[in-house]
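Proteins come first, then strands; the chains are lettered A, B, ... in the order of their sequence lines, and each starts at number 1.
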There are 2 protein chains.
Amino acid sequence: MALDHAILVSLTERAASGYDLARRFDASIGYFWPASHQQIYRVLARMQEAGWVESTVQEQDGRPDKKTYAITPAGEAELDRWSATPSGREAVRSDFAVKLRGFRDRDAILADTRARRADHVARLTEYEASEARFYPDPSALDGADLGAWLALRGGIHTERRGIEWCDEILTALEGPGSR
Amino acid sequence: MALDHAILVSLTERAASGYDLARRFDASIGYFWPASHQQIYRVLARMQEAGWVESTVQEQDGRPDKKTYAITPAGEAELDRWSATPSGREAVRSDFAVKLRGFRDRDAILADTRARRADHVARLTEYEASEARFYPDPSALDGADLGAWLALRGGIHTERRGIEWCDEILTALEGPGSR
DNA sequence: TTCCCCATGTAAATGGTTACATGATTAT
DNA sequence: ATAATCATGTAACCATTTACATGGGGAA
């Protein structure tokens, strides 16, 4: 049920349509909890029935109508409840680690590793740009901004360790055997 | 479909019953791809129909019968095919990051962070013990052992960055505001 | 006598992915 | 012309989680 809460968190930052949320989930909060528009529409419908969000329809000319969702007091209460609930250990699921563990095709692993490294570098660059732009002075942050910055820091740590790991794999596999 | 491959990898290391696999998935390969016994039994049944594994029943006295599964040549071929397929970017889903981002209850976040830190330390200790015990001389490794060691290294990196992140959060939240 | 280990599953519910569906506007 | 963007969804499928179900043996 955590997509519910990710959407609620996003709505506390600003009311949005399903479409808007889908774009936010392509970046920003979606880095910690990816979701497709189909899923988002379904969860919004469910949460509206539960009374956690409410929608207002805006007509637009030359564009389809837009349903803007906002969080309700009941939704805020649910977020409070959820925030105070201890979160359990998170499952790690890595295709790549399983593939490494079942080591078969050295060249495929090398290719995969190089592609992953490039992905990590690209994302790290994005994160670092965000940090420099939005949080130039972390010591001045508090509340929601502090939380958002700390979440971003988590992303930065994740990408850095991903790069380190890739480099270790490349060193181990490209080394003596490859020449 | 990656539980299929995780099970196949585990079976190449040694034939096993569903029960044995469930225990392996509580540790070892389960650190990279967790799975419950229920799921394992269902996937084994499906893979047997597909011809990727075969089973032999062993009677035991004073214990229930045991079905031991082994990988077949078709299963090996499937593993080869899968190993040569590039793996896409892996989804990160973190409840905790969403909670941080939606910063509400500072004390709950502190408690969560301390609990997470303790989990990371515990798992890192396990990983480091495994490394010292099974891979004391990494430069001597090759093939399957090299892959298993590199996967373990990934785990070690993950836990270390988890600890770093927690420490950063604790520093930011325990600091000035708490006294 | 109570709990954990061995050993196998089925069933229901929830969550996530992929494919399908529609239709107007704007930029190349 | 073609593709991308805005805007909303439904439906089918696949994977994961949680609850239910059974039953003997050994240890505290």
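- Phosphate contact (OP1/OP2 of D:dC14, side-chain N/O of B:Arg46, threshold under 4.0 Å): absent.
- Residue B:Pro64 is the one, among B:Arg93 and B:Pro64, whose nearest nucleotide of DNA chain C lies closer to the 5' end (criterion: closest heavy atom).
- In this structure the side chain of A:Lys99 never reaches within 4.5 angstrom of the side chain of A:Arg104, judged on heavy atoms.
- Of the N and O atoms on the side chains of A:Arg116 and B:Ser87, not one donor lies less than 3.5 Å from an acceptor on the other residue.
- Just one of A:Tyr135, A:Tyr31, A:Trp149 meets the ring pair (Phe, Tyr, Trp, His ring centres under 6.0 Å) condition when paired with A:Tyr127; it is A:Tyr31.
- Nearest approach of A:Phe25 to A:Ile40, heavy atoms of both residues: CD1-CD1, 3.9 Å.
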Should B:Trp165 and B:Phe96 be marked as a ring pair (Phe, Tyr, Trp, His ring centres under 6.0 Å) after you check the CA-CA gap, both sets of side-chain angles, and the distance that decides it?
CA-CA 12 Å; B:Trp165 187 28; B:Phe96 180 69; 5.5 Å; yes
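- Ion pairing between B:Lys66 and B:Asp20 holds under the 4.0 Å rule for side-chain N and carboxylate O.
- Defining each end axis of the helix from C:dT1-D:dA28 to C:dT28-D:dA1 as the rotation carrying four pairs' C1' atoms onto the next four, with five pairs an end, the two axes are found to diverge by 40° to 10 degrees.
- The nucleotide range of DNA chain C contacted by chain B, defined by atoms under 4.0 angstrom from heavy atoms of the protein and reported 5' to 3', is C:dC5 to C:dT17.
- Using a 4.0 Å cut-off between charged side-chain N and carboxylate O, A:Arg24 and A:Glu13 make no salt bridge.
- The two residues B:Ala97 and A:Ala151 make their nearest non-hydrogen contact at O-CB, 3.9 Å.
- Listed in residue order, the members of residues 19-43 of chain A having a heavy atom less than 4.0 Å from DNA chain D are A:Tyr19, A:Arg23, A:His37, A:Gln38, A:Tyr41.
- Atom P of nucleotide D:dT10 and atom CG of A:Leu44 are separated by 12 Å, given to the nearest angstrom.
- A:Ile29 and A:Tyr41 fall into different hydrophobic clusters, where Ile, Leu, Val, Met, Phe, Trp and Tyr side chains are chained together by heavy-atom contacts under 4.5 Å.
- In plain terms, the two heavy atoms of A:Ser139 and A:Asp137 that are nearest each other are OG-OD1, 2.8 Å.
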